[in-house]
There are 2 protein chains.
Amino acid sequence: MSKCEQCIIKQFNSLKSLTKDELVRISACKTSKKIKKGEVIFEEGEMLNGVYCVRDGICKLTKLSENGKDQIVKMVVKGQLLGQRSIISDEASNLQAIALNDMEVCFIPKSEIIADLQKNPKFSFDVLKDMASDLREADDVIVNMAQKSVRQRLAESLIYIHENFGVNPDGTLSILLSREDYASIVGTATESAIRVLSQFKKDGLISTIGKFIKIEDLNGLKRIE
Amino acid sequence: MSKCEQCIIKQFNSLKSLTKDELVRISACKTSKKIKKGEVIFEEGEMLNGVYCVRDGICKLTKLSENGKDQIVKMVVKGQLLGQRSIISDEASNLQAIALNDMEVCFIPKSEIIADLQKNPKFSFDVLKDMASDLREADDVIVNMAQKSVRQRLAESLIYIHENFGVNPDGTLSILLSREDYASIVGTATESAIRVLSQFKKDGLISTIGKFIKIEDLNGLKRIE
DNA sequence: AACAAATCATGATTAATATCATATTTTAAT
DNA sequence: ATTAAAATATGATATTAATCATGATTTGTT
């Protein structure tokens, strides 16, 4: 099993602020896990015993609405941490995590993380910054949900995925999502998401290669009202 | 000017985790301010030089949407801190803060807060918890915005205000908001907010005393679909 | 290869909400 | 007190998106 001290993934999250010693200790008690596409990493309402460091793959964080529909609140990709919020507030998770493709994660026990948070101010400040950034993003999502049309939100989601999660060699979005997932990000009916994507395709804003989506006219998407 | 060490307000926020010494130091460099109803505390895009501790009054945090409408993202009341997020991420504020009534706040310079965050792990863990809680609330708002009707969102906003900000002696909501503010919380047109509130009144779910709103049938509001 | 199940697609209809228009009432200013 | 401006209210209409219905296509399974 590879060692945290040498793992390059941590460069992308707050674990980079841990000392060598702390990393060695974490490495000793962490467990690596492979998670299959579609598998649940943790459930909404579940008490987490630690955080996950995503070494590879992507997952979605969803919340079940009272009307029975799932809403995707955030996507977490390689390099990011999963579950800090619940660990910090010492509450059951408010979100469910589901793998969108095959994943590789390291699980770090809660006690270890909490100890480091209380001992290493640099680490805790880094986690604080992460959370501040998540909060800012959440504010943006709230405003978009409240004020923009489904067309706009879907266009912006495509742009967001393009800019934040990158593209494959052929230019298609690296993340493969079902139409239902898109609907669940945007907060609309699946049929509506399908309709809007079809329209984008007709208008030459996007194209599809198999199930993959490619943005053909980024500026056009940005101009959607 | 009153001293932070003796101020009871801090019991309600993370400043309570500061040591006596730290509080004395903060007390020495803080400034008290009175803010009139409607006054802007800070603008979206403004660099904050510190955080505000709200001693009295209520303010709204809004974000301007691209379509020119303001969205209320959060309300901050007596006892809470204002501006931590921006200070921590060292970015311009993503939100504008406007007083909803006359306020009294203490301004604590950024350098002081940052120093304490880096020195006092208990304080920084407390701020972390605050932020985690804000993030959880933001997730809930996202899901509500995405999945619920205007009627539901407005009903829930009334309940939220009732439960979190309390009522006056006559049972009316302690916070006085314009119909435009309600629209801006729910993310709808002002006319729509007015219409829904009128309907709630006709249905006996709420009543109004002057401009104040009183919840008459809490369970009825909760049952709104 | 054959089949079932899931996903994607599109049309028709309905429901929710935005927008525009216009009163009425309340608040603020002179 | 009078007037202007802002906030509240309500109707009519237009737009957006949800829902219901039905097929086509893709994917996974035996």
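Numbered from 1 within each chain, the chains take letters A, B, ... in sequence-line order. In what follows, every heavy atom counts, from backbone to side chain, and hydrogens, waters and symmetry copies are set aside.
Distance, B:Leu197 CG to D:dT10 P: 11 Å, rounded to whole Å. The separation between A:Arg179 atom CZ and D:dT26 atom P is 12 Å, rounded to whole Å. Atom P of nucleotide D:dT19 and atom CD of A:Glu180 are separated by 14 Å, given to the nearest angstrom. Rounded to a whole Å, the CD1 atom of A:Ile194 is 14 Å from the C1' atom of D:dT19. Between the C1' atom of C:dA9 and the OH atom of A:Tyr182 lies a distance of 17 Å, rounded to the nearest Å. For the pair B:Gln199 CD and C:dA16 P, the interatomic distance rounds to 12 Å; values are reported in whole Å. A straight line from CZ of B:Phe200 to C1' of D:dT8 spans 17 Å, rounded to a whole angstrom. Whole-Å rounding puts the A:Leu154 CG to D:dT16 P distance at 15 Å.
One side chain, B:Glu216 or B:Ser207, offers a donor N or O that lies under 3.5 Å from an acceptor on the other. In summary, the side chains of B:Ser2 and B:Arg55 do present a donor paired with an acceptor at a separation below 3.5 Å, with no hydrogens or angles considered.
A salt bridge links B:Lys148 with A:Glu66; the closest basic N to acidic carboxylate O contact falls under 4.0 Å. Residues B:Lys74 and B:Asp134 are paired through a salt bridge, judged by an N-O separation under 4.0 Å between the basic side chain and the carboxylate. Salt bridge annotation for B:Asp90-A:Lys129: absent, with no cationic side-chain nitrogen under 4.0 angstrom from a carboxylate oxygen.
A:Gln80 has its side chain out of reach of A:Asn13: every pair of non-hydrogen atoms, C-beta onward, lies at least 4.5 Å apart. Looking only at side-chain heavy atoms (C-beta outward), B:Tyr52 and B:Lys33 come within less than 4.5 Å of each other. When side chains are defined from C-beta on, B:Phe42 counts as touching B:Leu61, because their heavy atoms get closer than 4.5 Å.
Summary of helix geometry: the two end axes of the helix from C:dA1-D:dT30 to C:dT30-D:dA1, each defined by five base pairs via their C1' atoms, are inclined to each other by 50° (rounded to 10°).
Taking only side-chain nitrogens and oxygens, B:Lys211 comes nearer than 4.0 Å to OP1 or OP2 of D:dT8. Not one side-chain nitrogen or oxygen of B:Thr190 sits closer than 4.0 Å to the OP1 or OP2 atom of D:dA7. Distances shown here put a side-chain N or O of A:Ser198 below 4.0 Å from the OP1 or OP2 atom of C:dT10.
A side chain to side chain donor-acceptor pair (under 3.5 Å) with B:Gln96 holds for exactly one of B:Lys60, B:Lys63, B:Glu44, B:Glu43; it is B:Glu43.
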Contact pattern, 5' to 3', of nucleotides 17-22 of chain C - B, S or - by protein heavy atom under 4.0 Å: SSBB--
